[in-house]
Amino acid sequence: MSSVRGAALYIGALLGPSLLLLPGLAAALAGPASIVAWSGLLVLSGLLAWVFTSLGTRIGGGVAEYAAAGLGARAGRVVGWCFLSGVVAGAPVVCLIGGGYIADLVGGGMTAKLVAAALLLLVVVALTLGGARSSTAVQLVLVAVLVLLVAVAVIGSAPAGRAENWLPFAPHGWSSIGAAGSVLMLSFVGWEAIAPLTGRLRDPRAQLPRVIGAAFAITTLIYLALAASTISVLGARAAGDVPLADLLEVAVGATGPAVATTAAVTLTLAATNAYLTSAAVLTAELRGPASSSRGLQLAVLAAGLVLLGAAAADLVSTAQLVSIPTTLFLVVYLCCTAASVRVLSGPVRACAAVACAAVLGVLAFSGWALLVALPVAIGAAVLPERRPAPVG
């Protein structure tokens, strides 16, 4: 695999539908100070990139294997089930993001948003039940479209930016930066998923620095540019559910929201389909090769019923829904970075220690979502170890 394609795969793993919502959500939580949370998490993203690449080249496999190598089989099960639960809980949330863009285009408010989210979830579950898989080439094309839309939105709306939109800088207090960071972490899930592919590079030692450097530079530019434009251009409207559509409307006029909605729906279906396909593989590893993927689809539908139902009853906000899968993925990162301190050596070991402390700090701001992650982790820890079936 070439360095260009390797970088494209990394970028594709890091960018996705969360980028359509989180700049606005972070602005709602912390105001202009959310840019501090973005900057801090980008530094953490770089540390995680180095750690997971080292794990991928040294150990291979996925996150459960990484944790098991350093902390034992029990920790491996905890990580596997937390990752799987994050995907199950995250699917309805991602569909809610796409549903928000549909509702913004057609009107109907929260009701239309929830109905659109439910329909998107049903479509993606139907796709996975039918065995559909998003090819790497299709995923990369979709990411390229997203990058192009962000570039048009940022550059086209730049003349409408206003310095006064940055004041007051921290309207909700400095502690709100931590709350914004906890939610924004969903945008940085991806390094752990792509690291095992480093073995497909022709010369990993020579190519990896270029691949990771290019991916990190491009994602940093995209995230910071969109976050800054959301604040500078939209001002009080930055806290909305469809920041990219609002920016495109400023940049290209009335067609902007329609373009953004089309991209949002396509990205939602492709990204959710890809994650559920990967989750089906992990389910087989955790429950045995004889396990049916239908159980995964049923779990996603059940999660959708609970989470979207809670949103319909106005029991939870969008930020609270996003925090559920984010917290589960943070547990995965915490265990993997802690394991890295034991299995890696040299500078990357020190990097893993810093990343572990940083993840723990972000996790501390997860609030009530920890009450969701904790039972999953405890349940996985007490599960009996699955032993291979005897041959013959």
**Student:** Could I get the full list of side chain to side chain donor-acceptor pair (under 3.5 Å) partners for Ser45, not counting sequence neighbours?
**Tutor:**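 Listed in chain order: Trp191.
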
**Student:** If every non-hydrogen atom of Thr219 is compared with every non-hydrogen atom of Ala215, which pair is closest and at what distance?
**Tutor:**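 Looking at all heavy atoms of both residues, the closest pair is OG1-O, 2.8 Å.
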
**Student:** According to the side-chain hydrogen bond (donor to acceptor under 3.5 Å, both in side chains) rule, which pairs have a member within residues 170-180, sequence neighbours left out?
**Tutor:** none

**Student:** Would a 4.5 Å heavy-atom cut-off, applied to side chains only, mark Leu21 and Val322 as touching?
**Tutor:** yes

**Student:** So if you build clusters from Ile, Leu, Val, Met, Phe, Trp, Tyr with side-chain heavy-atom gaps below 4.5 Å, do Leu48 and Val354 land together?
**Tutor:** no

**Student:** Is Val63 close to Phe329 at the side-chain level, that is, under 4.5 Å between some pair of heavy atoms?
**Tutor:** no

**Student:** Do you know the tightest heavy-atom contact between Val79 and Ala67?
**Tutor:** CG2-CB, 3.5 Å

**Student:** Sort out for me which residue in Val306, Val88, Val125 forms a side chain to side chain contact (heavy atoms under 4.5 Å, CB included) with Leu301.
**Tutor:** Val125

**Student:** Do Asp241 and Asp104 have side chains that get closer than 4.5 Å, going by heavy atoms?
**Tutor:** no

**Student:** Side chains of Val348 and Arg58, heavy atoms from C-beta outward: is any pair under 4.5 Å?
**Tutor:**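 Heavy-atom side-chain distance check fails, nothing below 4.5 Å.
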
**Student:** Keeping to residues at least two apart or across chains, list the side-chain hydrogen bond (donor to acceptor under 3.5 Å, both in side chains) pairs with something in residues 358-375.
**Tutor:** Ser182-Ser366, Thr327-Ser366

**Student:** Side chains of Val242 and Leu20: does their closest heavy-atom pair fall under 4.5 Å?
**Tutor:** no

**Student:** Would Leu96 end up clustered with Met110 when hydrophobic side chains under 4.5 Å apart are linked, directly or stepwise?
**Tutor:** yes

**Student:** Please examine the side chains of Trp166 and Ile231, heavy atoms only from C-beta on, and report whether any two atoms are closer than 4.5 Å.
**Tutor:**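 With C-beta onward as the side chain, the pair touches.
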
**Student:** Using a 4.5 Å cut-off on heavy atoms from C-beta on, say whether the side chain of Leu363 contacts that of Met185.
**Tutor:**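 Result no, sub-4.5 Å side-chain heavy-atom pair not found.
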
**Student:** Holding to ring pair (Phe, Tyr, Trp, His ring centres under 6.0 Å), I want the full list of residues that pass it with Phe365, two or more places apart in sequence or in another chain.
**Tutor:**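 Here no residue qualifies.
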
**Student:** Tabulate below the donor-acceptor pairs under 3.5 Å that side-chain atoms of residues 220-228 make, not counting sequence neighbours, or state none.
**Tutor:**
{"from": "Thr220", "atom 1": "OG1", "to": "Phe216", "atom 2": "O", "distance (Å)": "2.7"}
{"from": "Tyr223", "atom 1": "OH", "to": "Leu14", "atom 2": "O", "distance (Å)": "2.8"}
{"from": "Tyr223", "atom 1": "OH", "to": "Ser187", "atom 2": "O", "distance (Å)": "2.5"}

**Student:** Looking at every heavy atom in both Ile59 and Ala69, which two are closest together, and how far apart are they?
**Tutor:** CD1-CB, 3.6 Å

**Student:** Nearest 0.5 angstrom please: Leu22 CG to Ile97 CD1, how far?
**Tutor:** 6.0 Å

**Student:** Using distance only, find each side-chain donor-acceptor pair of residues 331-346 under 3.5 Å and give its atom names and separation, not counting sequence neighbours.
**Tutor:**
{"from": "Tyr333", "atom 1": "OH", "to": "Phe188", "atom 2": "O", "distance (Å)": "3.1"}
{"from": "Tyr333", "atom 1": "OH", "to": "Glu192", "atom 2": "OE1", "distance (Å)": "2.6"}
{"from": "Thr337", "atom 1": "OG1", "to": "Tyr333", "atom 2": "O", "distance (Å)": "2.7"}
{"from": "Thr337", "atom 1": "OG1", "to": "Leu334", "atom 2": "O", "distance (Å)": "3.1"}
{"from": "Ser340", "atom 1": "OG", "to": "Cys336", "atom 2": "O", "distance (Å)": "2.7"}
{"from": "Arg342", "atom 1": "NH1", "to": "Gly70", "atom 2": "O", "distance (Å)": "3.2"}

**Student:** Which value, rounded to the nearest 0.5 Å, describes the distance between Leu247 atom CG and Leu149 atom CG?
**Tutor:** 11.5 Å

**Student:** Taking all non-hydrogen atoms of both residues, which atom of Val362 and which atom of Gly181 are closest, and how far apart?
**Tutor:**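 Of all heavy-atom pairs spanning Val362 and Gly181, the closest is CG1-O, 3.9 Å.
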
**Student:** Would Leu122 end up clustered with Leu307 when hydrophobic side chains under 4.5 Å apart are linked, directly or stepwise?
**Tutor:** yes

**Student:** Are Val93 and Ile324 close enough that some pair of their side-chain heavy atoms sits under 4.5 Å apart?
**Tutor:**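 Heavy-atom side-chain distance check fails, nothing below 4.5 Å.
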
